[in-house]
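Everything below concerns the one structure shown next.
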Amino acid sequence: MSKLMTGAEYRASLAKRKPLRVYLNGKRVEDVVNHPIIAPSINTLALTYDMAHDAEQKELMTTTSTLTGKTINRFSHLHASPADLVKKVKMQRMLGGKCGTCFQRCVGMDAMNAVFATTFDTDAKFGTKYHERFRKFVEYVQENDLIVDGCMTDVKGDRSKSPSEQADPDMYVRVVERRPDGIVIRGAKAHQTGAVNSHEHLLMPTCTMRAEDKDYAVCCSVPVDHPNIVYIYGRQSCDERKMDTSPAGQIDSGASCFGGQEALVIFEDVFIPNENVYMDGEYELAGTLVERFAGYHRSSYCCKVGVGDVLIGAAQTAAEYNGAAKASHIKDKIVEMIHLNETIMGCGLAACAEGKQMPAGNYLIDIMLANICKQNVTRFPYELSRLLQDIAGGLMVTLPSAHDLYNPETAEYLKKYLAAAPGVTVENRMKLLRLIENLTLGRAAVGYLTESMHGAGSPQAQRIMIGRLANLKSKQALAKNLAQIKE
Ligand code: SF4
Ligand code: FE
């Protein structure tokens, strides 16, 4: 059995890394692991380790490595069947429900599966030796139960220009030097989920490329604590509420110890030894790699169904706390929320059930259905949030602080005037409303709403794929046949 870390061991592994160059709110962060704004995102990733030891969740969280035959965390698995893919999205729903936010570990899993398949195809086409190298990297990740940051999105500069046409050549990560023993890369990746909390970056090109973009067609891995990498941490709505670690402050910050993380990651002439280079100039395969990664990740957005479960639970609880649970329009709104949420799941499951084996041996989801799944995710969470805010009532944004509930001068006023259905404490009501605020407006809304919109590609990226894969000619043939049209 390879190592299956616990959450505590994962935290210790982060502390053992060399000091990271992380900047947040204008200052260098000295203690990355214990910083109150960063800690919630680490708590979330720790959950992906602890759940692998949970008797009830083991079946979803762990599996057998196709490379070593050992038990591993599913997040480092190369999917071996459609059933495996189905377990992946069920795991993501389960975790989304437990943390109510982005648990950051899917990007690396999706990237590893895409790169594993694409290095195989690159070698077959060009006689290169990337696949064996990459297999060793995956074994290293599995053996040590590491987190990989799937590092794709370049900063992109002027969107009307290709990588090599940019005024500043560093707008896409590129190879600036080739040495006998490796390459030197420069550039930046934006919106990197979990970047600071990972062990390894796996860089991939961000778009289809042409011959003139050769230096940008680069895929490689590098440890997160490489000294030439700079991290500038993203600000999130209401993140400073986490600085107040008192019990009242914790309620005000959303009554949840979990959170997501994004950072701008800058690669300042980072040397990558040959054994960690998995594409260097084979621009013909860049588009395939992007399409596979995006396809995997678009089905992974079943994570948001788990968060949707939390929203539905919060809606029902808010209705009960307000004494409104029996109203027929409330019941109907909750049914609508369930319908939207399960529609996302249905598409994600279908994409997995229709998974097909690739020449490298691992399984790829159905790309059309994965794109439909993600397209739904760009819309339905907004409607789910609207319905939840409708049911919760305006108090979710006009609520006094929990510090006022704990202040003897104001406590009795709040207990009297914020009382609702019998048996419901004002403290519990506050916790619920702060959770709803956080999920639909605060830090967690970054993951549930904006990430749903733009993560794994913005809505238009899915629509392009849907249009491309639809095979309209075959549908026209059906229509013309029925109408007995002869052209
Ligand atoms: Fe995983 Fe969802 Fe976060 Fe992407 S957005 S890393 S799929 S939890
Ligand atoms: Fe994401």
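Along the sequence shown, the residues carry numbers beginning at 1. When a ligand or atom number is given, it counts from 1 through the structure's own listing order.
The Val107 neighbourhood of ligand 1 comprises atoms 6 (S), with distances under 4.0 Å to a heavy atom of that residue. Numbered from 1 in the order shown, with element, the atoms of ligand 1 that lie under 4.0 Å from a heavy atom of Cys102 read 3 (Fe), 5 (S), 6 (S), 8 (S). Taking a cut-off of under 4.0 Å to the non-hydrogen atoms of Cys303, the atoms of ligand 1 that pass are 2 (Fe), 5 (S), 7 (S), 8 (S). Remark: ligand 1 atoms within the under-4.0 Å shell around heavy atoms of Gln104 are 3 (Fe), 6 (S).
Of all the listed residues (Gly150, Cys106, Gly260), Cys106 holds the heavy atom that lies closest to atom 1 (Fe) of ligand 1. In the candidate list Met109, Gln92, Glu451, Glu262, Glu451 is nearest to atom 5 (S) of ligand 1, counting heavy atoms.
Residue-level proximity to ligand 1 for Ser300 is carried by backbone and side chain together, each with a heavy atom below 4.0 angstrom.
Of the N and O atoms on the side chains of Thr440 and Tyr448, not one donor lies less than 3.5 Å from an acceptor on the other residue.
Ionic pairing of Glu262 and Arg443 is not present here: no N-O contact between side-chain nitrogen and carboxylate oxygen is shorter than 4.0 angstrom. The pair Lys88-Asp84 does not meet the salt-bridge criterion, since no charged nitrogen lies less than 4.0 angstrom from a carboxylate oxygen.
Between Tyr233 and His35, the ring center distance fails the sub-6.0 Å criterion.
Cation-pi check for Arg105 over Tyr49 is met; the charged atom lies under 6.0 angstrom from the ring centroid and within 45 degrees of its normal.
Judged by distance alone, the side chain of Lys304 and the main-chain N or O of Gly447 form a donor-acceptor pair under 3.5 Å.
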